[in-house]
Amino acid sequence: MKYAGAALAAAAILAVSGAPVRAEDVITLGASVQLTGSSANIGRYYRDAYNLTLDKINAAGGIKIGGKSYRLALKLLDNQSDVNLSIRQYVQLISSDKVNFLLGPFASNFALSDSSVAEKYQIPMVQGGGASTQIYSRHYRYIFGTLPSADDYYASTVDMFGKLDPKPRTVALVAADDSFDVSVANGTRKLLQAAGMKIAVDETYREGSSDFSSTLAQIKAANVDAILWSGHETEALNFIRQMKSLNANPKDYYGFTVGVPTEDFRKALGKDADYAFGMTSWLPSESLKDRWFGDAAAFAAAYRAKYGYDPDYHAASGAADVETFAIALEKAGALDPKRVRDAIAGISFDSLYAHIKYGENGQIVLPQIVIQIQNGKLVPIYTDKFINKPQYPIPAWDKRG
Amino acid sequence: MALGMALVWGVLNIVNLAHGALIMLGGYVVYYIFVDTGFDPFAALPIAMMAMFAFGYLLQRYLLNLIVRSALLNTLLITFGLDVVITYLAQLLFSADFRTINPGYAGANFGLFGLTVPSVRLAAFVVAIGLAGALWLLLNRLPLGRAIRATSQNLVAARLYGVDPRGLYAITFGIGAALAGAAGGLYGMIANLTPYIGASLTAKSFVIAIIGGLANPFNVILGGIVVGIAESLAALYIGATYSDVISFGLLVLVLVVRPARMVRAA
């Protein structure tokens, strides 16, 4: 017993004295991500992208500041898909874990709250999981984001409507009632009005809802040309399944903010996923050059090889967040949060995700690429011109083979 | 969906907060039978029910019997704990990916007087009615059911007549779990499965069980229909955001207007 106590004490001393030796040459990034709970499905993109990018940067010799090499480390906590817990965890990361800088969580409502912690402690946070304009409208100085503004998610889609034949004129707008989707709906309303289109049905549903039958009944009654839908993956899934089972068909078009680019979504729906339009801010193309990975295609290959599933824009956006810190730290030449913050604000570099340059409010400006699932494959359709031919108009459910 | 909950509640006086988790498990059982063997999901329902019965039986026999008839708070705590454990084990086993049970006819429908009726939902409704009927038969016509009801009404008298309450509780909970299993399979055909669907299903079952009353299985079905219609109408006329407000508001209303139902001691 006595010896065991002594051994424990020795171990404790070792553990304590072991830490500071390494602390000098390690820069720790802290994040709280949804590893369990209802958003775990998307949260894993951030966990995996952060780790992969970190390893890649370390393997390439880490980060050089003032002639000294630093290794990047990640302190990742699981917020269990609970906003309140994630706020506490970010406070913990800063005040007791003493991380140097912050990476973001997934989803706008999380980023909205967690960015306030970053602002309060004046530690820069670069997040790739929240797109709502609310996050950036508060004149915070320490929050930066690599997802384009939720207001403009449907900008390229509405732009494309003008060039389609037949041109959709009446639209049903269906959106969830959380921060991100409210932003999308507000922005889309303006876009549609500017394009001279009529919003025949304008429905907000409760986040997490699984029954759309009454919304679909209204859409059927209004006989609209197009449905623009905004919400979360599982809800999009239920929406499509119920469209089919109620034989609810817009005349020409239906599109979703999320779901369509993720592999899981296509797997779960099978053939019913075909024809669905969606959007992504990223595709794994070789034209996106990157300092560490070579290009986006190589990133996607490395990601798939390591984790067994394809990355989507969430993962690429998360990778860009880590790279932002790597570049900004070298530029700042110091670990001081204030100087790093200024370096991030003035950053401009090419990455596997996009050309990274933050706007005045901290948010990146990126166009959404309109995509469509054609015979189980994801096909890019439109940015400001057609890339591939859309399968349009979408055939009615009861007229498919 | 709420049938199993009402049964367990009425007889065992356990408000089973893990009920939604059991529904989720049942959904996954049907999902794996369907995906791995190509078995028709409706045909897989009885298998899922048997598996869930066994699971429920063991759970009650070796765990929940320890707390049966203890204070309400204890049963709430332990079933809540179970819910958390089952949910996280499910994430480990099944991953957080969402799944759908998607047979060829999942989206089938037919027209009736100008309405579109989704076939699977209708079938699910028929199955639910069938299960309620079977449960009613069991409770009112068979010796086992009489024993279950007797135990819930008067434990001491039932014991005097040779009923082994522990075995009976386990069977009752098993039946509740089996009903949850069937509900899970049907739910997976209509919506989607993730390890996290349980919590909201528990809440909904709770509301329906109270509105329907714990006494008669058909009333529970009726309660389900009432809640469903109220939610749909609310979604149509007030806005889909408020459908939960309506169903829980309905719960409050029922409690205020018909408190006698709640007083029924288990």
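Order of the sequence lines fixes the chain letters, A, B, ..., with proteins taken first and strands second; residue numbering starts at 1 for each chain. Side-chain atoms are counted along with the backbone in the values below, which use heavy atoms only and exclude waters and symmetry mates.
- The salt bridge (Lys or Arg N to Asp or Glu O under 4.0 Å) analysis of residues 118-131 of chain B, with sequence neighbours excluded, yields the pairs Asp211(A)-Arg121(B).
- Scanning residues 251-265 of chain A against chain B with a 4.5 Å heavy-atom cutoff picks out Asp264(A), Phe265(A), ordered by number.
- At a 4.5 Å heavy-atom cutoff, the contact between Gln242(A) and chain B is made by side-chain atoms alone.
- In this structure, no portion of Ile240(A) lies under 4.5 Å from any heavy atom of chain B.
- When each of Ile190(B), Thr87(B), Thr194(B) is checked for heavy-atom pairs under 4.5 Å with chain A, Ile190(B) comes out on top.
- Evaluation of the side-chain hydrogen bond (donor to acceptor under 3.5 Å, both in side chains) test over residues 33-47 of chain B, restricted to residues two or more places apart or in two chains, returns Asp40(B)-Tyr105(B).
- The side-chain contact (heavy atoms from CB on, under 4.5 Å) test applied to Ile129(B) returns Phe125(B), Ile221(B), not counting sequence neighbours.
- Across every non-hydrogen atom of Gln91(B) and Leu35(A), the tightest pair is NE2-O, 2.9 Å.
- When heavy atoms are compared at a cutoff of 4.5 Å, Asn41(A) approaches chain B by way of both its backbone and its side chain.
- Shown here is Phe42(B), whose CZ atom has more than 12 heavy atoms of other residues, nucleotides or ligands within 6.0 Å.
- Across all non-hydrogen atoms, the minimal contact from Ala40(A) to Tyr196(B) is CB-OH, 4.3 Å.
- More than 12 heavy atoms of other shown residues, nucleotides or ligands fall within 6.0 angstrom of atom CZ in Phe94(B).
- Contacts of Lys267(A) with chain B are absent, with no heavy-atom separation under 4.5 Å from either backbone or side chain.
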